[in-house]
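The next block holds one structure in the form of structure tokens; read it before the comments.
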Amino acid sequence: MSDPDCIFCQIVAGALPAHRVHEDERTLAFMDIAPGTPGHLLVIPKAHARDVLEIGEGDLGAVVLSAQRMARRVSERLGADGVNLINSCGAAGWQTVFHLHFHVIPRYAGDPLRLPWVPEPGEPTEIAALAERLR
Ligand code: 5GP
Ligand code: ZN
């Protein structure tokens, strides 16, 4: 349920400080220490789970609902024009803290955040072949 070496478990327990914004039985939302934009939050399950591959359905559902609540709140209270909900899974997927979290990143028209890749049309046969492998 809790990993003593996990910094987010320590935040849940109150052993590490954080600006807590919302909590319920299963989830906690707190401010990211290195915000991408003003109001950047993290939403986590209170019970330790490494990532989206590992977490149980009940906690995942609770985290997603809490992220929706916080997305609405940054829109209403901070005047965000849009929101990114971002989850990173695995080191190759940019995850750096291995306790599942959704980033709630308020977006403001004209803010400096940019996509980390340049979208270009893919090869249609390759897309179709990958779809077949995923069915
Ligand atoms: P990841 O890179 O795993 O998707 O996201 C980890 C996030 O946790 C980063 O945005 C980072 O700024 C944030 N973070 C790391 N350590 C702490 C901490 O001790 N307190 C808080 N509030 N955020 C943290
Ligand atoms: Zn943890």
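Heavy atoms only: backbone and side chains are in, while hydrogens, waters and symmetry mates are out. Sequence positions, counted from 1, serve as the residue numbers for this chain. One-based numbering, in listed order, for ligands and for the atoms of each.
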Proximity of A18 to ligand 1 by residue part, where a heavy atom lies under 4.0 Å:
neither

Sole candidate of I55, L28, T27 that passes side-chain contact (heavy atoms from CB on, under 4.5 Å) when paired with P45
I55

Mark yes or no for whether D51, through its side chain, and C89, through its backbone, hold a donor-acceptor pair below 3.5 Å.
no

With heavy-atom distances below 4.5 Å as the criterion, would you say the side chains of H99 and I44 are in contact?
yes

Protein heavy atom at shortest distance from atom 2 (O) of ligand 1:
T96 OG1, 2.6 Å

Around atom 5 (O) of ligand 1, find the nearest protein heavy atom and jot down its residue, atom name and distance.
H101 NE2, 2.9 Å

Does any non-hydrogen side-chain atom of S2 lie less than 4.5 Å from one of V12?
no

As an exercise, identify every atom of ligand 1 less than 4.0 angstrom from a heavy atom of F8.
8 (O)

Tell me which protein heavy atom sits closest to atom 4 (O) of ligand 1, plus the residue, atom name and distance to 0.1 Å.
H103 NE2, 2.8 Å

V43: which of L85, L100, V63, V21 passes side-chain contact (heavy atoms from CB on, under 4.5 Å)
V63

What protein heavy atom lies closest to atom 15 (C) of ligand 1? Include the residue and the distance to one decimal.
V97 CG2, 4.0 Å

Quick one: does ligand 1 sit under 4.0 Å from the side chain of I86, the backbone, both or neither, non-hydrogen atoms only?
neither

If you draw a 6.0 Å radius around CZ in R107, do more than 12 non-hydrogen atoms from other residues or ligands fall strictly inside?
yes

Gap separating the CD1 atom of I105 from the CD1 atom of I86, nearest 0.5 angstrom
4.0 Å

Return yes or no for this condition: an N or O of H40 is under 3.5 Å from an N or O of ligand 1.
no

Would you mind running through ligand 1 and noting each atom that sits below 4.0 Å from a heavy atom of A34?
12 (O)

Within-cut-off N or O pair, L42 and ligand 1, under 3.5 Å
no

Can you sort out which atoms of ligand 1 are near F30, meaning under 4.0 Å from one of its heavy atoms?
21 (C), 22 (N)

Look at atom 14 (N) of ligand 1 and say which protein heavy atom is nearest, naming residue and atom and giving the distance to 0.1 Å.
I33 CG2, 3.8 Å

Classify the ring geometry between H103 and H40 as parallel (under 30°), tilted (30 to 60°) or perpendicular (over 60°).
tilted

For E23 and K46, indicate whether the former's side chain and the latter's backbone hold a donor-acceptor pair under 3.5 Å.
no

More than 12 foreign heavy atoms under 6.0 Å from CD of E123: is that the case here?
yes

Select one of side chain, backbone, both or neither to describe which atoms of W94 lie under 4.0 Å from any atom of ligand 1, heavy atoms only.
backbone

Heavy-atom nearest neighbour in the protein, as seen from atom 12 (O) of ligand 1, with distance rounded to 0.1 Å
D32 OD1, 2.5 Å

For S88, counting its heavy atoms only, list the atoms of ligand 1 lying under 4.0 Å from any of them.
4 (O)

Looking only at heavy atoms, what is the nearest atom pair of D59 and A47, with distance?
OD2-CB, 3.8 Å

Looking at S75 and A71, would you say the former's side chain and the latter's main chain have a donor-acceptor pair under 3.5 Å?
yes

Element-labelled atoms of ligand 1 that are located less than 4.0 Å from some non-hydrogen atom of Q95:
3 (O)

So for atom CZ, which belongs to R20, do other residues, nucleotides or ligands contribute more than 12 heavy atoms lying within a distance under 6.0 Å?
yes

Answer with side chain, backbone, both or neither: which part of F102 has a heavy atom less than 4.0 angstrom from an atom of ligand 1?
neither

Does F98 come within less than 4.0 Å of ligand 1, judged by its heavy atoms?
no

Give me the residue, atom name and distance of the protein heavy atom closest to atom 19 (O) of ligand 1.
I7 CD1, 4.0 Å

To check your reading of the site, what angle at the Zn ion (ligand 2) do SG of C6 and ND1 of H48 form, to 10°?
110°

Closest non-hydrogen protein atom to atom 22 (N) of ligand 1, residue and atom name please, with distance?
M31 O, 2.9 Å

Out of the N/O/S atoms in H99, what is the name of the one closest to the Zn ion (ligand 2)?
ND1

